[in-house]
Amino acid sequence: MNNTIFKNLFFFLIIIIVAITTNVNAESKYLYDVLKNEAESNGLAREYTGEHHDSFTEEPSKKIYHWYAENDNEGNQVLNKNNVIFGNFCWQMIRTTDTGGVKLIYNGEVVNNKCISQNDRTIGANVYNSSNSKSLSAVGYMYNRNYSYYSTENVSNYLYSNTVSYRNGKYYLDENAKALTTEYIIPDHHYTCWNTTGECTTVSYVYAVWKYRKFFYIKLSNGETIFTALENMLYSNDVNKYDSSVKSKIDTWYQNNLTNYGDYLEDTIFCNNRKATDLGFWGETSSGYNNGLVFYEEKDNKLKCYYDTDKFSISNPKAKLKYPIALPTKGELDLLNNKIIREATNYTSYWTMSPYGTGNEGGLVTYNQYGSFNSMFTMYSEHVKPSVSLKPYTKYYRNGDGSSENPYIVKYKESYYKIKVENDSLLGTIKISEDDLSSVLEEKEINVVVKPSYGYYLKKIVIKDSNNNIIEYIKTGNENEYSFIMPDSDIIITPIYEKVKSSVNVEIVNETKDLNVEIEDLTQVEYEKEVKFNVTPIKGYKVSSIRVVDGEDNEIEYSETENKNEYVFIMPASNVTIIPSYEKVSSSVSASDNKNTKELKIEVGDATAVIYEDKVKFTVTPEDGYEVESIEIKDKEGNKIEYRKTDKDNEYEFTMPDTDVVITPVYRKKELTNNITNPKTGNKTIILITILFLIVSTTYIIVRKKKEFS
């Protein structure tokens, strides 16, 4: 592998490791964006597309997103990601408003900055309205005129008719008016003068009868019709004058608990739709009970409010709230996909602001922790979960994730904190993107540039707040730059450096018997570590040179140690490659000094530098009267070297070993033969004269030259 590529890959892996182990909460700092992002990612929120209007003063400028609880594998709904701490109480997000605010519903007390209270998650129980509970006006969060009454008298003998007329200051029942033959009213005969003549100055519209002769009716006078009476009582343009009982309780709770947080709440509309759609009769029949008065239940436009007197807010003079707090509506809670609130204890039900047709007395929609809707008379006591709306662009602390264990915490004001840096300047430098580290705005994005010194890399940055909590950060697109969000606390930044770890590579060639680096893991060699290595060539070769180079092919200095074939260098902050070069050993060939040698000629260019495995020829010419008896060729260690006689006179040949050699010839005198005549016989006689000679041999020691390395 190319050394430069290997080096770059190594540092890239370091960056990957750092990036994996250091991340940041990348969510927006606005609560509105929490629901928006959930909806756009098809998460736990949805976009609402029906009609809506949350403000009198502004046209809708923002889309509305509502929380939408999905079921898990066991059929339970996931509702643990919309928890918010506001005003030192726990709330859950219902939806956004079309101004960019976020509507909340109360969900109990805070326990150690968590929304895990096992106590009552309501502000207590209360009747919806007790002052006029037998009146249809009781369904109003606030109300004006009261037309509704009830009677327990036995009025079964009076006349009742289907229609009524008004003339000359009097009401007249129609000609089909009938008296009751039983204790129950005829289902389509609502009007009565409470007499047997059918003529009266005030007439009553009976809209419900309880089986124990409780008659619920609306009193009409001065020519009023049932429709104008309903208009004036439920949704007239008159000002709502009187508080319901539940409103009084909520206002008192707000005054005692949230007065200091009013600046963070928007003046949104809380809808108390009181439009009646059915004036049917409710009395006991053989099949049970039939609905009487039915209030309008929004099907498609769940967030639409029809009449000004139903739009409760601080800025609406016809339905003016004292404080920016009320109750949720059925339409809002219906968007939450049934299971809307999880409770630790089982309360029967909770009030909404949405009226519902209960037939006789006024009734409101209620809901329970299992997501079921029901209706209840106003004089019954149910639990209260108030609702508020946070202003647009309300921020939260970024360490929250909306779970009950780690809820979003509403940020109330801008605060400034200190940044302290603990850094070893010998190992690296650090620069913060703030001029004054003693006064840094919370929630501000802070950039940190950390440049390690040569031979070091940044393992991680440790950022801790005053409670020793870890602050997360990310790697930006710029070199050596990191980013985090300033928390609501002083912090300490500590860069952690480590020495660069690189690899040592070895190039092996055929002439290498052994090249060993004395490091256990050659891929993780630390900067400035002493690296020893041994280079042992094969027989007949020697090291001619060694190159130790870094990833940029720069030479690294090395030296020999006291041990044979051992070298040492200091590891740089880069990959290193050891590249040995070899050459054949060159040694000397010499002859021993022998006086009986006329000539001993070695046929090589330089007898002092004969290359290993070269063929060495030499001729040995003795002096007159001598001949070669034998030749000894020995290496430096005294080992005999084989040789052979060539075809030429006096010429011999051997293969050069990897050491110096000495050629030592051994001579003897030639035998002399003379013809001598016998004087007696006259015959010639051959006389062999053998002359003994002294074999002389001398050993020549040749020392190999050592390769000098610089």
Side-chain angles (χ1 to χ4, degrees), residues 7-29 112-114 395-403 405-409 411 414-502 521 523-529 571 573:
K7 173 186 176 183
N8 293 337
L9 177 61
F10 176 76
F11 282 101
F12 178 74
L13 290 174
I14 290 176
I15 293 172
I16 291 295
I17 293 171
V18 171
I20 292 174
T21 55
T22 56
N23 55 67
V24 70
N25 183 347
E27 293 180 282
S28 166
K29 58 186 176 183
N112 295 327
N113 272 344
K114 299 178 182 179
K395 296 180 180 179
Y396 66 91
Y397 292 125
R398 295 177 72 114
N399 59 339
D401 63 6
S403 66
E405 294 282 340
N406 191 18
Y408 301 110
I409 302 176
K411 185 165 75 74
E414 303 290 357
S415 301
Y416 295 84
Y417 299 94
K418 297 178 182 179
I419 294 178
K420 180 181 178 181
V421 177
E422 293 184 347
N423 180 59
D424 188 339
S425 60
L426 295 178
L427 305 182
T429 61
I430 181 169
K431 183 178 181 181
I432 312 296
S433 61
E434 293 293 309
D435 295 330
D436 185 2
L437 299 185
S438 65
S439 181
V440 182
L441 179 64
E442 64 169 321
E443 293 288 342
K444 186 173 184 180
E445 183 175 316
I446 307 299
N447 293 325
V448 181
V449 177
V450 183
K451 292 184 178 180
S453 300
Y454 177 81
Y456 293 85
Y457 72 92
L458 181 68
K459 182 179 181 181
K460 63 180 179 179
I461 304 173
V462 178
I463 308 174
K464 291 186 177 181
D465 64 14
S466 56
N467 293 319
N468 212 35
N469 297 315
I470 297 295
I471 307 301
E472 296 176 334
Y473 63 93
I474 61 170
K475 179 75 173 67
T476 72
N478 299 324
E479 185 179 6
N480 300 318
E481 187 178 67
Y482 306 84
S483 175
F484 69 92
I485 302 301
M486 188 69 183
D488 59 328
S489 167
D490 295 342
I491 64 168
I492 298 177
I493 301 177
T494 307
I496 306 298
Y497 304 99
E498 284 194 356
K499 287 186 176 181
V500 172
K501 294 179 180 180
S502 308
D521 186 354
T523 65
Q524 295 291 306
V525 185
E526 196 174 76
Y527 168 64
E528 292 185 329
K529 185 176 182 63
M571 189 69 182

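The residues of the chain are indexed from 1 along the displayed sequence.
- Between atom CD1 of residue I474 and atom CD1 of residue I485 there is a gap of 8.0 Å, rounded to the nearest 0.5 Å.
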- [ ] Give the C-alpha distance, both sets of side-chain angles, the deciding distance and a yes or no for side-chain hydrogen bond (donor to acceptor under 3.5 Å, both in side chains) between E498 and Y456.
- [x] CA-CA 5 Å; E498 284 194 356; Y456 293 85; over 6 Å; no

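- When all heavy atoms of K475 and N480 are compared, the closest pair comes out as NZ-N, 3.6 Å.
- Side-chain contact check for E442 and Y416: no donor-acceptor pair (N or O, by modelled atom type) lies under 3.5 Å.
- Ring to ring, Y408 and Y396 are close: their centroids are under 6.0 angstrom apart.
- For the pair I493 and K420, the minimum side-chain heavy-atom distance is 4.5 Å or more.
- When side chains are defined from C-beta on, K464 counts as touching V462, because their heavy atoms get closer than 4.5 Å.
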Task: Trace of the side chain to side chain contact (heavy atoms under 4.5 Å, CB included) decision for I419 with M486 - done: CA-CA 9 Å; I419 294 178; M486 188 69 183; 3.7 Å; yes

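- The two residues V450 and P452 make their nearest non-hydrogen contact at O-CD, 3.5 Å.
- Between N113 and P407 the shortest heavy-atom distance is O-CD, 3.5 Å.
- Between the NZ atom of K451 and the OG atom of S453 there is a distance of 11.5 Å, given to the nearest 0.5 Å.
- Between the side chain of D465 and the main chain of N467, a donor-acceptor pair closer than 3.5 Å is present.
- Judged purely by distance below 3.5 Å, without hydrogens or angles, the side chains of Y497 and N423 pair a donor atom with an acceptor atom.
- Rounding to the nearest 0.5 angstrom, the gap separating the CD1 atom in I491 from the CG atom in L437 is 9.0 Å.
- Contact check for L441 versus Y417: no side-chain heavy atoms found under the 4.5 Å cut-off.
- Between Q524 and D521, the side chains place no donor N or O within less than 3.5 Å of an acceptor N or O (distance only, hydrogens not considered).
- Rounded to the nearest 0.5 angstrom, I496 CD1 and L427 CG are separated by 10.0 Å.
- Taking both residues in full, the closest heavy atoms of A573 and S502 are given as C-OG, 3.9 Å, listed atom of the first, atom of the second, then distance.
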TODO: Would you please test I432 and I446 for side chain to side chain contact (heavy atoms under 4.5 Å, CB included) and show each step?
DONE: CA-CA 7 Å; I432 312 296; I446 307 299; 3.7 Å; yes

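- Distance alone, capped at 3.5 Å, is enough to place a donor-acceptor pair between the S489 side chain and the S466 backbone.
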Open item on the list: I'd like to know whether Y473 forms a side chain to side chain contact (heavy atoms under 4.5 Å, CB included) with V448, so could you lay out the CA-CA distance, the side-chain angles of the two residues, the decisive distance to 0.1 Å, and finally the verdict.
Closed with: CA-CA 10 Å; Y473 63 93; V448 181; over 6 Å; no

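- Taking a cutoff of 4.0 Å between a charged side-chain nitrogen and a carboxylate oxygen, E434 and K444 qualify as a salt bridge.
- Residues K418 and V440 form no side-chain contact, since every pair of their non-hydrogen atoms from C-beta on lies 4.5 Å or further apart.
- Counting heavy atoms from C-beta outward, P487 and I471 have side chains that approach closer than 4.5 Å.
- Test E528, M571, K529 against K499 for side-chain contact (heavy atoms from CB on, under 4.5 Å) and you get one pass: E528.
- Y482 places a side-chain heavy atom less than 4.5 Å from the side chain of I461.
- A donor and an acceptor atom, one from each side chain of S483 and T476, are nowhere located under 3.5 Å apart.
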